[in-house]
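Starting from 1, each residue takes its place in the sequence as its number.
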Amino acid sequence: MNPIPNAPAIRSEDNSVEVAWFCDLCNGDYEFLGVPDGDLRSSFEHCADIIRTADELGYQNILLPSSYQTGQDTLTFAAAASQFTKQISLLTAIRCGEIHPPMLARTLSTLDHMLKGRLNINIISSDLPGTIKDSKTRYEISKEVIQILQQGWTKDHIKFEGKHYQFDLTSDPVKSYQVNGGPLLYFGGISPDARALCAEFCDVFLMWPETEERLADTMKDLSERAATFGRKIDFGLRIHLIVRDTENEAKEAAKRLLSKLDIDKANDIKHRALDSHSAGVLRQDELRKQADSELFIEPMIWSGIGLARSGCGSAIVGTPEQVYEKIQRYIKMGIRAFIFSGYPLIEESKLFAKKVLPQIKTVNFAEAQGKKPKGIPITPLTTGVRK
């Protein structure tokens, strides 16, 4: 199978990629999928160990997810992590509408200053806990929140008249540390409303695992939508990994991961997440139904994880050489950011960092795209005039 031809227009034409790991803030780290292990609970200590390990291993970014489940609050944890990480950027998830937008902008600006520019933001538009809104309304709210954030980071005043929010405020409390528009916005969602929002406002469109053909179709569509706004965006892939020395060992590790799975309990775990009925999850479920007897939807892409997990439901399974080859195929398609994970998170992060990561040409997106200032920026929290 050849790489998909006619790669879409993307912002980052160089084939260097940002390689991120995943931090389990939402009670989802396992040795055996669906079997809770007290040593792998989403405590502060365990989550801190995951992010410290990723930082030391040289990952450029790490996703801090958001969900109404037992575990760590995203923004609270990010603030703490800013003080014990050294080089890794924090891809911090925010659920639009959860926090009053000017105060959210202030919180994110504070984080950006604490991290000295090591902050990226994952925009989420799902329902808030205990509420249900139609897709159009949710994305209207997200669009307004993004515009308010961007005004606050880049302008002297926030003057906004929208359907859901109206503000006339000084922007001094929310000036970002990062320059050229403030922190990068990562976004995932395949509904028409989601695609429209990302095309107009976001920087990196994150996809969940599907076949190469489906991923290519999505990338082409988003690239064309962004072009109507005179923009180019980058593309990212959120996917799990199972890397072993032989192909048989990798497939056996996949089988072992499911070996204690109670399908009824797994279904309950999966649907605790607020996104379990999203268009992206349903598309992955559909592909898994079409998979082969071993649950592979295409060579090296194993869909078994989606039996007990919402969101990202498949893994690249294979030898270090096979995993590297698959990643290179994605890079040739135009994917420039990866968010990897594996079970248990710390052990798999070490395996990938040892066996595959050194072969990949990596880059920090915020630095490459001119977001991180060369020196200390002039803001009210640095050397700006104190009013």
Side-chain angles (χ1 to χ4, degrees), residues 20-54 57 59 62-74 77 91 93 208-209 237-244 249-276 280-281 284-285 288 291 294-297 300-318 323 338-356:
W21 199 248
F22 176 83
C23 192
D24 174 40
L25 303 189
C26 305
N27 207 29
D29 196 8
Y30 297 101
E31 179 179 358
F32 297 97
L33 199 62
V35 180
D37 182 334
D39 292 335
L40 300 177
R41 72 178 75 241
S42 294
S43 62
F44 177 78
E45 290 76 14
H46 182 53
C47 293
D49 284 345
I50 293 170
I51 197 171
R52 281 195 187 97
T53 301
L57 292 172
Y59 292 91
I62 188 160
L63 175 58
L64 307 181
S66 173
S67 184
Y68 187 65
Q69 296 185 63
T70 302
Q72 303 299 299
D73 171 71
T74 312
F77 180 83
L91 178 51
W208 284 334
L237 181 65
R238 166 85 182 96
I239 194 167
H240 303 282
L241 298 167
I242 299 178
V243 185
R244 299 295 183 271
E249 287 174 333
K251 289 185 175 181
E252 286 302 313
K255 291 177 183 177
R256 181 178 185 274
L257 186 60
L258 295 185
S259 63
K260 297 185 180 181
L261 188 65
D262 179 315
I263 198 64
D264 291 330
K265 187 171 183 179
N267 197 53
D268 174 64
I269 291 171
K270 178 173 179 172
H271 291 295
R272 290 175 192 170
L274 296 171
D275 64 359
S276 64
V281 171
Q284 290 180 94
D285 290 347
R288 190 172 58 257
E294 293 183 300
L295 298 178
F296 282 85
I297 61 173
M300 290 181 281
I301 302 300
W302 178 69
S303 64
I305 293 171
L307 292 170
R309 191 191 192 283
S310 186
C312 173
S314 291
I316 307 175
V317 177
V323 172
F338 294 92
I339 303 174
F340 295 126
S341 58
Y343 296 97
L345 280 160
I346 290 177
E347 283 77 2
E348 199 70 40
S349 72
K350 292 177 179 177
L351 283 170
F352 180 77
K354 178 181 180 182
K355 297 176 181 292
V356 183

Answer yes or no: is there a side-chain heavy-atom contact under 4.5 Å between Ile239 and Ile301?
-> yes
Between Asn27 (side chain) and Gln69 (backbone), is there a donor-acceptor pair under 3.5 Å?
-> no
Non-hydrogen side-chain atoms of Arg256 and Glu31 separated by less than 4.5 Å | yes
Can any side-chain N or O of Ser42 pair as donor or acceptor with the backbone N or O of Gln72 at less than 3.5 Å?
-> no
Sequence neighbours excluded, which residues qualify as ring-ring contact (aromatic ring centres under 6.0 Å, His included) partners of Phe32?
-> none
What pair of heavy atoms forms the shortest contact from Leu40 to His46, and how long is it?
-> O-CD2, 3.6 Å
Validation row: Trp302, Lys255 side chains within 4.5 angstrom (heavy atoms) | no
Do the side chain of Glu348 and the main chain of Ser341 share a donor and acceptor less than 3.5 angstrom apart?
-> no
Parallel, tilted or perpendicular: rings of Phe352 and Phe340 (30°, 60°) | tilted
Enter the distance from Trp21:CH2 to Ile50:CD1 here, rounded to the nearest 0.5 Å.
-> 10.0 Å
Sorted by chain and residue number, the ring-ring contact (aromatic ring centres under 6.0 Å, His included) partners of Phe22 (sequence neighbours excluded) come out as none
Taking side-chain contact (heavy atoms from CB on, under 4.5 Å) as the test, write out the residues that go with Thr53, two or more places apart.
-> Leu57, Ile346, Ser349, Lys350
Heavy-atom distance under 4.5 Å between the side chains of Leu257 and Ile305, does that happen here?
-> yes
Taking side chain as C-beta onward, heavy atoms only, is Leu295 less than 4.5 Å from Leu258?
-> yes
So do Lys251 and Phe296 actually touch side chain to side chain, heavy atoms under 4.5 Å?
-> yes
